[in-house]
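Below: one structure, written as structure tokens.
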Amino acid sequence: MIIVLKPQIAPEEITRFTDHLRDAYDVKVNRWDGVHSTVLGLIGDTTRIDIEYIDAQEIVESVKRVQEPYKKANRKFHPENTVIKINDSVSIGDGSLHIMAGPCSVESEEQIVGIAKSVKASGATLLRGGAFKPRTSPYAFQGLKAEGLDLLKAARKETGLPIVTEIMRVSHIDMFENVDIIQVGARNMQNFELLKELGKIDKPILLKRGLSATIEEWLMSAEYIMAGGNEKVMLCERGIRTYETYTRNTLDVSAIPIIKKLSHLPVIVDPSHASGKSWLVEPLAMAAVAAGADGLIIEVHNDPPHAWSDGAQSLTTNQFDKVAKRVFALKSSL
């Protein structure tokens, strides 16, 4: 961290400030006295330092980081890729490609079990499905909630597929004890109280990028979970909000190699939510795999026109079978 002090600051004030920095943050402070100003260089773990607090000090002219504020999610401190094992057959981040597939919302046992069997036959290794559904409209279907969780578990029992589903609030954590991967949705990416509690459990977390979140904000949310002790975090790029209105969101394909450079965490891509259109799922999925994604999360429904939520972006089981074959073929050729 580099701190530039205002001109003509009394030497004793500078000394008090540098002593405070050393004592409060356990960092080394290098000092350079120029003709017009003094520059302080902080060496050590500066991730705990609130840059806004430093900037607010009367003697400070400007301050900037030369090190990212996230430490546990940072590849500099963890050069090897993180590999998250779900069971004996699913290891995410080891160079293989995994697909999480299933309906936006769990609607019935017949529906979720039938889709689970179909996507497994097509190569999916995890079952996704919404039991709790955050919706823009308060009048839209909000999910089957606890019953939906039970139906997901029934589908897992039938097929052996680990289940991925979204949590909405801290008070629901106990209900998710038998869920294999807990998804944090885009709307909750900066629900820091929820993230802190998820940091206390030993379970993989799929952290979706917020609608308007920068890459650094996304990684800082992962840092919240990891700082609590849970380092089983996967990052999910699901499209961000731009000025473009043709698609539901804009898939940030560039985020995949950027995250791979900055962080050691696995990257999953959601082409369904990114586009909002089923015909765009295949080309976006192909782009994501080519860019280095560790996995995909794709919405699949047995009858999309009559889906209780997000039918327009859901693939039929036959369409998913085609997409799965193409992305696995592409992966094997890379």
**Message:** Applying side-chain contact (heavy atoms from CB on, under 4.5 Å) to E223 and T47, what does each step give before you reach the verdict?
**Reply:** CA-CA 11 Å; E223 194 79 5; T47 57; 5.9 Å; no
**Message:** Using side-chain contact (heavy atoms from CB on, under 4.5 Å), reason through F320 and I99 one step at a time and then give a plain yes or no.
**Reply:** CA-CA 11 Å; F320 174 74; I99 303 180; 3.8 Å; yes
**Prompt:** Is there a side-chain contact (heavy atoms from CB on, under 4.5 Å) between T18 and H20 once you walk through the steps?
**Reply:** CA-CA 5 Å; T18 54; H20 168 70; over 6 Å; no
**Asked** When you look at M220 and E217, which way does the side-chain contact (heavy atoms from CB on, under 4.5 Å) test go after all the steps?
**Response** CA-CA 5 Å; M220 288 303 294; E217 289 169 342; 5.6 Å; no
**Message:** Assess the residue pair R128 and E299 against the criterion (salt bridge (charged side-chain N to carboxylate O under 4.0 Å, His left out)); give the C-alpha distance rounded to whole Å, side-chain angles, the decisive distance to 0.1 Å, and a yes or no.
**Reply:** CA-CA 8 Å; R128 63 141 295 154; E299 292 192 353; 3.6 Å; yes
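K331 places no side-chain N or O within donor-acceptor distance of the main-chain N or O of S96, the cut-off being under 3.5 Å. With hydrogens and angles ignored, the 3.5 Å screen pairs no side-chain donor or acceptor of Q313 with any backbone N or O of G311. Judged by distance alone, the side chain of S263 and the main-chain N or O of I259 form no donor-acceptor pair under 3.5 Å. Remark: side-chain polar atoms of K203 are paired, donor with acceptor, to backbone N or O of E177 under 3.5 angstrom. Looking only at distances, no side-chain donor or acceptor of K71 sits under 3.5 Å from a matching main-chain atom of D45. Panel note: side chain T125, backbone H98; no donor-acceptor pair is recorded below 3.5 Å. With R209 contributing its side chain and A213 its backbone, the two residues share a donor-acceptor pair below 3.5 Å. The closest donor-acceptor contact from the side chain of N230 to the backbone of I201 lies under 3.5 Å. Under the 3.5 Å distance criterion, the side-chain polar atoms of S118 are left unmatched by any main-chain donor or acceptor of T317. Using modelled atom types, one side-chain atom of R65 and one backbone atom of T46 make a donor-acceptor pair closer than 3.5 Å.
K232 contributes atom NZ, which lies 12.5 Å from atom CE of M226 (distance to the nearest 0.5 angstrom). The distance from atom OG of S62 to atom CG of D55, rounded to the nearest 0.5 Å, is 7.5 Å. Separating the OH atom in Y70 from the CH2 atom in W218 is a distance of 11.5 Å, to the nearest 0.5 Å. Going from atom CG of L330 over to atom CE of M286 covers 4.5 Å, rounded to the nearest 0.5 Å. To the nearest 0.5 Å, atoms CE (M189) and CG (L194) are separated by 12.5 Å. Expressed to the nearest 0.5 Å, how far OG of S309 lies from CD of E107 amounts to 7.0 Å.
If you run side chain to side chain contact (heavy atoms under 4.5 Å, CB included) between F17 and each of V29, T38, L40, only L40 comes through. Put simply, the residue from I112, V119, D303, V300 that forms a side chain to side chain contact (heavy atoms under 4.5 Å, CB included) with P103 is I112.
By the side-chain contact (heavy atoms from CB on, under 4.5 Å) test, N318 pairs with T316, sequence neighbours left out. The side-chain contact (heavy atoms from CB on, under 4.5 Å) search around E244 returns T242, Y246, T247, T250, not counting sequence neighbours.
A continuous path of hydrophobic side-chain contacts links I298 to L127 [ILVMFWY only; heavy atoms under 4.5 Å]. Neither L211 nor V253 shares a network with the other; the hydrophobic side chains, linked directly or stepwise wherever heavy atoms of I, L, V, M, F, W or Y lie under 4.5 Å apart, form separate groups for each. Hydrophobic clustering of Ile, Leu, Val, Met, Phe, Trp and Tyr side chains at less than 4.5 Å, counting indirect connections, keeps M100 apart from V289. Under the 4.5 Å side-chain heavy-atom criterion for ILVMFWY residues, no single connected hydrophobic cluster contains both I297 and F328. A continuous path of hydrophobic side-chain contacts links V233 to I163 [ILVMFWY only; heavy atoms under 4.5 Å].
In D50, the CG atom is crowded: over 12 heavy atoms of neighbouring residues, nucleotides or ligands sit closer than 6.0 Å. Applying the 6.0 Å contact sphere to CD of Q142 captures more than 12 heavy atoms from other residues, nucleotides or ligands. Dense packing is recorded around CZ of R187, with more than 12 heavy atoms of other residues, nucleotides or ligands lying under 6.0 Å away. Within 6.0 Å of CZ on R135 lie more than 12 heavy atoms contributed by other residues, nucleotides or ligands. Counting heavy atoms of neighbouring residues, nucleotides and ligands inside a 6.0 Å radius, atom CG of D33 exceeds 12 of them. Crowding of R326 atom CZ: a count of heavy atoms from other residues, nucleotides or ligands under 6.0 Å not exceeding 12. For E52, the CD atom is loosely surrounded, since the number of other residues' heavy atoms within 6.0 Å does not exceed 12. Other residues, nucleotides and ligands place no more than 12 heavy atoms under 6.0 Å from the NZ atom of K322.
Using a 4.5 Å heavy-atom cutoff, the side chains of I54 and L21 are in contact. Put simply, the side chain of C236 does not reach to within 4.5 Å of the side chain of Q183, judged on heavy atoms. Side-chain contact between R156 and D180 is present, with heavy atoms from C-beta onward closer than 4.5 Å. When side chains are defined from C-beta on, L206 counts as touching M234, because their heavy atoms get closer than 4.5 Å. In this structure, L207 and L195 have side chains that are in contact, with non-hydrogen atoms separated by less than 4.5 Å. Contact of the L42 side chain with the Y25 side chain is not registered, since no non-hydrogen atoms from C-beta on lie closer than 4.5 Å. Side-chain contact check for E231 versus T82: every heavy-atom pair is 4.5 Å or farther apart. Side-chain contact between L219 and E68 is absent, with no heavy-atom pair separated by less than 4.5 Å.
E61 and P7 get closest at one heavy-atom pair: OE1-CD, 4.2 Å. Here the shortest heavy-atom pairing between P266 and D294 reads CA-OD2, 3.3 Å. The minimum heavy-atom distance linking K196 with E193 is given by the pair NZ-OE2, 2.9 Å. L97 and A293 get closest at one heavy-atom pair: CD1-O, 4.0 Å. Shortest non-hydrogen contact noted between A285 and P271 is N-CB, 4.0 Å. Shown here for A186 and K208, the closest heavy-atom pair between the two residues is N-CB, 3.8 Å.
Note on ring orientation: taking the six-membered ring where Trp is involved, the planes of F192 and Y224 are parallel (angle under 30°, cut-offs 30° and 60°).
Between D19 and R22, at least one side-chain nitrogen of the basic residue sits less than 4.0 Å from a carboxylate oxygen of the acidic one, meeting the salt-bridge criterion. Salt-bridge annotation for K133 and D310: absent, with no side-chain N of the basic residue lying under 4.0 Å from a carboxylate O of the acidic one.
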